Amino acid sequence: MSEIDPLLEGLTEPQTQAVTHVDGPLLVLAGPGSGKTRVITRRIAYLVKGVGIAPWNVLAITFTNKAAGEMRDRVAQLLTERQARATTVATFHSLCARLIRQYADRLGLPPGYSIYDTADQKRAMKQALEDLEINTKNFPPASMLSSISNAKNDLLDAAGFAKQASNFYDRTVAKVYTKYQAILERNGALDFDDLLLKTVSLLKQHPDVLAELRERFQYVMIDEYQDTNHAQFMIANALSAEHQCIMCTGDPDQSIYGWRGANIQNILEFEQHYPAAEVVRLEQNYRSTKTILAAADALIVNNRGRRHKELWTDNPTGDPVQIVTCADERQEAGWVAEEFKRLHEEENVAWGQMAVFYRINSLSRVMEETLRNSSIPYQIARGTAFYDRKEIKDAIAYLRVVANPSDEVNLLRVINTPARGISAASVKAMQAFALANNQPFDELLGDPLRVTALNSRAQNSVAKFGKTVDTWRTTAGIVAAENHDPTAPQPSLRGFVEDVLRDSGLETFYRNDKSDPDQERLANLGELVTSAQQFEEEYLFEAEQAGEYEQVHLREKLLAFLEQVALVSDADGVDSSQGSVTLMTLHAAKGLEYPVVAMIGVEDGLLPHDRANDDPQELEEERRLAFVGITRAEERLYLCHGKYRTVFGQTMPTIRSRFLTELPADVVEEVDPSSDPHAMEDDLFGGGGGTQRSLAAKQAGQFPPGALVKHPQFGLGRVVNVSPMGAHTRAKIDFTTSGTKTLILQYARLELIDV
DNA sequence: AGGTTCGAGTTTTTT
DNA sequence: ACTCGAACCT
């Protein structure tokens, strides 16, 4: 018993009930900040340490890779590192990707199959529409893809979709779906939805595999269950149907992925699916002040058809929630930056404890600029941003071409990038040849002489490129080497990535890129090499922990690396130890918490978003989104909105969000920087010109070059130059102790010491 | 082949 | 307002 005691220490009654539940289905309805993650990690430890269940029989599914990593770390603190690594903690998508690779032969897929991201999907879709000669004006690729995605989430394949298509539009979608899927198949590729779909069919059509996996994953735990879709439900269900040891945790009030096919019924009907289910409610909140919790509750009660939870906390009352009315997005950003700076300086709040949330990504830009100009360190939670860069996508495309010879979409991307004398016309000719001879495009690389439509120069270029690709594939073990020595030391992944960057000419290309004088793109490629190295080290360590002492082949490392790269999510980029303010969308904020939270753009049209206006269901999802944002805050919460906002270069008046009017007066405090005369002049009638320019000029005149000034943070400095930029005035100042900085006069609180 | 210009689309949220 | 792609030019 003494082994178990620490696992139950400090748990409340319902928490203990959930942690010590061993067999049979369990549903944990967990309000925000109710210690849900704690319950899951303790339960894993309890099952292993307390009950004696083998760690490899435990499967935990989280919403993001980052959450999976954190969960593994927390379990490792309760168990041993080795035990923790023996459990499977993954997202649905990464679990599926792994299973598909493992059982690729059953599905008729190459193990090196590509996972297509949104950009790849778009390319494949454009190809499909082109092949079918369908007008992209009437049938935009993006909406085609979203229709197909919806179908896939409901486990409808192309044939199934065609059967139920009842109107012209749907019949067209059916045709496109069929074509799109054929292209993916030809390329040996799956899109995100296919990962789930293929796993479902793997489990359905191969009873032996299903039996194997049921034996393996006897205890299944699924977090954020309110955001699972039908396919995910089927997978969870198939795995746990026999043992019935399934634990689902979630909160219907935090369901925010309905638009992506998430089915809130999964959690609401859990007790119908599993009549034997035990249900535990976690309603005590450990995160937020009474005031913040009251605000959140007052908001969410406006949703109909929900079951009310009695959220409560022992935490102090705390400060009122501040509703901040600004003139426009610039003042809004400036106000948040100032307030954060004040908290940092006066109340010792670390930068890493503060976050800014917004409904749509585009709102981050002005906030970013302002933070940069105020010299406040910040990070944006966009895990994918790095992999979205052109140079990185190119490099990854090369690796995919190596790993998956069928992947024509990626091959076409890189075949003449950087330019190597294979013109678009040559590519067209080769495609036509491949089609006429019913031959994979890829094979022509090794045999371009047969394509008589190519002139000899082009043939040479293609042959040379084909040889390079072949060398890579031999090194990586994708194609067999002539005198293959299985005991030869395996090349490192890092070295291989470097080889590809060098031999492809990408490195040289970006080294000589005149449009990038700072060599940023080159540095990014270097960063990719580093990430490959880190991945490799981690991978080898895991293999060792798992008791695999044999050499890990480069091929295996490469495939695993590509898989990981394809599945990074935005929220994966959040690093709270970074000592910087974090910016993210409300969706990415799910599952996180910060002492100080500012939500910007809390206006009708943004939150709730315009697109949700005519649908009460979607409006409720927007309200849940606001609820998620509010409940991330521990101590201080700012809800900001501007009276005017500039979108697409057009300044429009706004209306404050209806959600703000749902907050009771006794928990909020109105702050109105927009009535500050200083700011009014500045921005309110932006297009007018006269007021703005004269103000900027006046400010510029106050701080002539050479003037001695004092800044609250950077101390004394001399003005180098002052430049009015639109509504703002930027001043470059050489500080005695902090170096040269560019500040915006409006926000910098500069004090003139001497002219 | 590489650079330039012009126009369109962009911004809802993401694995 | 800004970025990105296609078409066009040198």
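A note on names: the letters A, B, ... follow the listed sequences, proteins ahead of strands, and every chain is numbered from 1. Just so we're clear, the structure is a prediction, and the values are computed from it rather than from any experiment.
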Requested in this report: Compute the centroid of each ring, for A:His587 and then for A:Trp259, and state whether the two points are separated by less than 6.0 Å.
Outcome: yes
Query raised in the report: Please give, in whole Å, the distance from C:dG5 P to A:Lys393 NZ?
Result: 11 Å
Query raised in the report: Side chains of A:Asn524 and A:Tyr510: do they bring a donor and an acceptor to under 3.5 Å?
Result: no
Requested in this report: Choose from B:dG2, B:dT12, B:dT15 the nucleotide whose nearest atom is closest to any side-chain atom of A:Thr118.
Outcome: B:dT15
Report summary line: From the candidates B:dT15, B:dG2, B:dT13, the one with an atom nearest any side-chain atom of A:Arg359 is B:dT13
Query - A:Leu196 vs A:Ala142, nearer the 5' end of DNA chain B by closest nucleotide - result: A:Ala142
Requested in this report: Please report, rounded to the nearest Å, how far the P atom of B:dT15 is from the NZ atom of A:Lys198.
Outcome: 23 Å
Query raised in the report: Do we count A:Trp259 as stacking onto B:dT12 if the rule is ring centres under 5.5 Å and planes under 30°?
Result: no
Query raised in the report: Separation of A:Gln564 atom CD from B:dT15 atom P, in whole Å?
Result: 14 Å
Requested in this report: Assign A:Phe92 to base, sugar-phosphate, or nothing according to its heavy-atom contacts below 4.0 angstrom with the strands shown.
Outcome: nothing
Query raised in the report: Rounded to the nearest Å, what distance is computed from the CG atom of residue A:Asp194 to the P atom of nucleotide B:dT15?
Result: 17 Å
Requested in this report: Go through B:dT15, B:dT14, B:dT12 for me and flag the one nearest to the A:His609 side chain.
Outcome: B:dT12
Report task. Report yes if a side-chain nitrogen or oxygen of A:Asn361 is closer than 4.0 Å to either non-bridging phosphate oxygen (OP1 or OP2) of B:dT10; otherwise report no. Result -> no
**Report entry** Check: A:Asp157/A:Gln181 side-chain N/O donor and acceptor closer than 3.5 Å
**Finding:** no
Query - Protein-nucleotide distance (A:Glu369, atom CD; C:dA1, atom P), rounded to Å - result: 13 Å
Query raised in the report: Whole-Å distance between B:dT11 C1' and A:Glu329 CD?
Result: 14 Å
Requested in this report: Can you figure out which of B:dT15, B:dT13, B:dT11 approaches the side chain of A:Arg260 most closely?
Outcome: B:dT15
Query raised in the report: In terms of side-chain heavy atoms, does A:Ser143 have a donor or acceptor partner in A:Ser146 at a distance below 3.5 Å?
Result: no
Query raised in the report: Rounded to whole angstroms, how far apart are OH on A:Tyr358 and P on B:dT11?
Result: 14 Å
Query raised in the report: Does a side-chain N or O from A:Ser362 land closer than 4.0 Å to OP1 or OP2 of B:dT10, or not?
Result: no
Query raised in the report: For A:Leu592, does its backbone N or O pair with a side-chain atom of A:Arg632 as donor and acceptor, under 3.5 Å?
Result: yes
Report task. On DNA chain B, check which nucleotide each of A:Phe192 and A:Ile360 is closest to and give me the residue with the more 5' one. Result -> A:Ile360
Requested in this report: Take atom CE of A:Met584 and atom C1' of B:dT14, then tell me their distance rounded to the nearest Å.
Outcome: 15 Å
